[in-house]
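Accompanying notes for the structure given below.
Hydrogens, waters and symmetry mates play no part in the numbers below; they use all other heavy atoms, side chains included. Here is how names work: the chains are called A, B, and so on, in the same order as the sequence lines, proteins then strands, and each is numbered from 1.
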2 protein chains.
Amino acid sequence: MARIREFDTEAAVEAAMWAFRRTGFEGTSIQDLVEATGVGRGSLYAAFGNKEGLYLAAVDRYRDKYALPLIEELRYGLPARELIHGILLDVVDEIVADGSRHACLMVSAAVERAPHDPEVRVRIRATTASLEDAFADLIGEQGLARGRDPRDVARFLMTTIHGMRVTAAITPDRAALTAIAEVALGCLA
Amino acid sequence: MARIREFDTEAAVEAAMWAFRRTGFEGTSIQDLVEATGVGRGSLYAAFGNKEGLYLAAVDRYRDKYALPLIEELRYGLPARELIHGILLDVVDEIVADGSRHACLMVSAAVERAPHDPEVRVRIRATTASLEDAFADLIGEQGLARGRDPRDVARFLMTTIHGMRVTAAITPDRAALTAIAEVALGCLA
DNA sequence: CTAATTCTGTAACGAACAGTCAAGAAAAGG
DNA sequence: CCTTTTCTTGACTGTTCGTTACAGAATTAG
């Protein structure tokens, strides 16, 4: 019935995601996004409404790509302590492999945008809550909470992961991050 | 010999500090800073050179006002476990009392500016390292490390504090933050 | 008082900002 | 073929950005 869209929406959001992660919401201009995605200004506005719309799409994509698989992994992995250990080390790997000092988009969005944008806030909150649920279920089922509320331990783990992202923005050192993960794991039974 | 400066430099930096904490580096315009400090554009540039100069002054002030006293407290407080417990709860108090969802300037600077500005990086790194030193000394002296390297435990504590700031940006809930602090404290002997 | 110096306030700079719009190009229905 | 619909392109909007320049006010030295 009409002309088909030339650019790949997914690919554009992916590119925008990296741009926002690198320079934040305020620090990324529409021109930057045009260059990063290879999509014209007009098309960008037609597809996403405005800068915030594209940002929200990027945050959603980050959730789908990184958080949801993690939740799945937590749901079916049974040796819980080893699983959580592996997840923390994976975070370290990801940070070190990436090389750039930029925090993940979740942390960046939480710090920069969540206080100002309710849409961002509700998304970050939902993703964090889902991850906490997954951690809490696993910890509760296998009695790793040492008498504490599994939800509190789950929150603690999420805080540790967030904190490691911040620490990595300052010094992305593998040994230090690994040691931090090991100490945190000591809080589990 | 010449006209004396009319505005209070300290007060101006203090005001700029709050502005930067609220809206970040990129999100705070010179006009915002003029309004926040009550100092004219020209005077601001004469005193601090440019936007980055004022930002660095704000980061320095944050360090002097919040990090240095903490380091002093760690140096002379002997019941280490209770001291650290109190410090973590103080962080919670500060976050909750503040009410605003904004992360502290250290975390904000680490996430937003440290990857792009070497001057910011070196400052945040130095402050974090000093705090780690203070924690590590205390933990080492009093054998709270449970056989681990006291430095690793200190790094872990810093990461926990950073993480709590991020968590607070999403949900500044006293009960949740307190519980997180308690779990983290479980890593000490 | 005058001269020298340094601050303050404001106007102005070019560049970059987010967002709009109209005209052309491409696809599908008839 | 032509019409209709939608996407793309690029120029353009007015505004705001960080920074500079300059005139005038305030202070001190001589």
SB check B:Arg148 A:Glu182 (cutoff 4.0 Å): no
Contact list for residues 35-60 of chain A, test ring-ring contact (aromatic ring centres under 6.0 Å, His included), sequence neighbours left out: A:Phe20-A:Tyr55, A:Phe25-A:Tyr55
Would you tabulate the pairs of protein nitrogen or oxygen atoms and nucleotide nitrogen or oxygen atoms of nucleotides 22-25 of chain C closer than 3.5 angstrom?
| residue | atom | partner | partner atom | Å |
| --- | --- | --- | --- | --- |
| C:dG24 | N2 | A:Arg3 | NH1 | 3.4 |
| C:dA25 | N3 | A:Arg3 | NH1 | 3.0 |

Give the rounded distance in Å between these two atoms: CZ of B:Phe7 and P of C:dT6. 15 Å
Show every donor-acceptor pair shorter than 3.5 Å between a side-chain atom in residues 116-124 of chain A and any protein atom, with sequence neighbours excluded, or say none if there are none.
| residue | atom | partner | partner atom | Å |
| --- | --- | --- | --- | --- |
| A:His116 | NE2 | B:Arg22 | O | 2.8 |
| A:Asp117 | OD1 | A:Glu119 | N | 2.9 |
| A:Asp117 | OD1 | A:Val120 | N | 3.4 |
| A:Glu119 | OE1 | A:Arg123 | NH1 | 3.1 |
| A:Arg121 | NH1 | A:Ala114 | O | 2.9 |
| A:Arg123 | NE | A:Asp60 | OD1 | 2.9 |
| A:Arg123 | NE | A:Asp60 | OD2 | 3.4 |
| A:Arg123 | NH2 | A:Asp60 | OD2 | 3.4 |

Take B:Thr37 and B:Val13 through the side chain to side chain contact (heavy atoms under 4.5 Å, CB included) test and state the conclusion after the steps. CA-CA 8 Å; B:Thr37 60; B:Val13 175; over 6 Å; no
Scanning both residues in full, the closest heavy-atom pair of A:Pro172 with A:Arg101 reads CG-CG, 3.8 Å
Is there side-chain contact between B:Val166 and A:Thr159, with heavy atoms separated by less than 4.5 Å? no
Going by the salt bridge (charged side-chain N to carboxylate O under 4.0 Å, His left out) test, which pairs reach into residues 26-53 of chain A, not counting sequence neighbours? A:Glu26-A:Arg113
Give every residue pair that meets the salt bridge (charged side-chain N to carboxylate O under 4.0 Å, His left out) criterion with at least one member in residues 151-166 of chain A, sequence neighbours excluded. A:Glu94-A:Arg165, A:Glu132-A:Arg151, A:Glu132-A:Arg155, A:Asp133-A:Arg151, A:Asp152-A:Arg155
Can you check each nucleotide of nucleotides 14-19 of chain C against protein heavy atoms at under 4.0 Å and return B for base, S for sugar-phosphate only, - for none, in 5' to 3' order? ---SBB
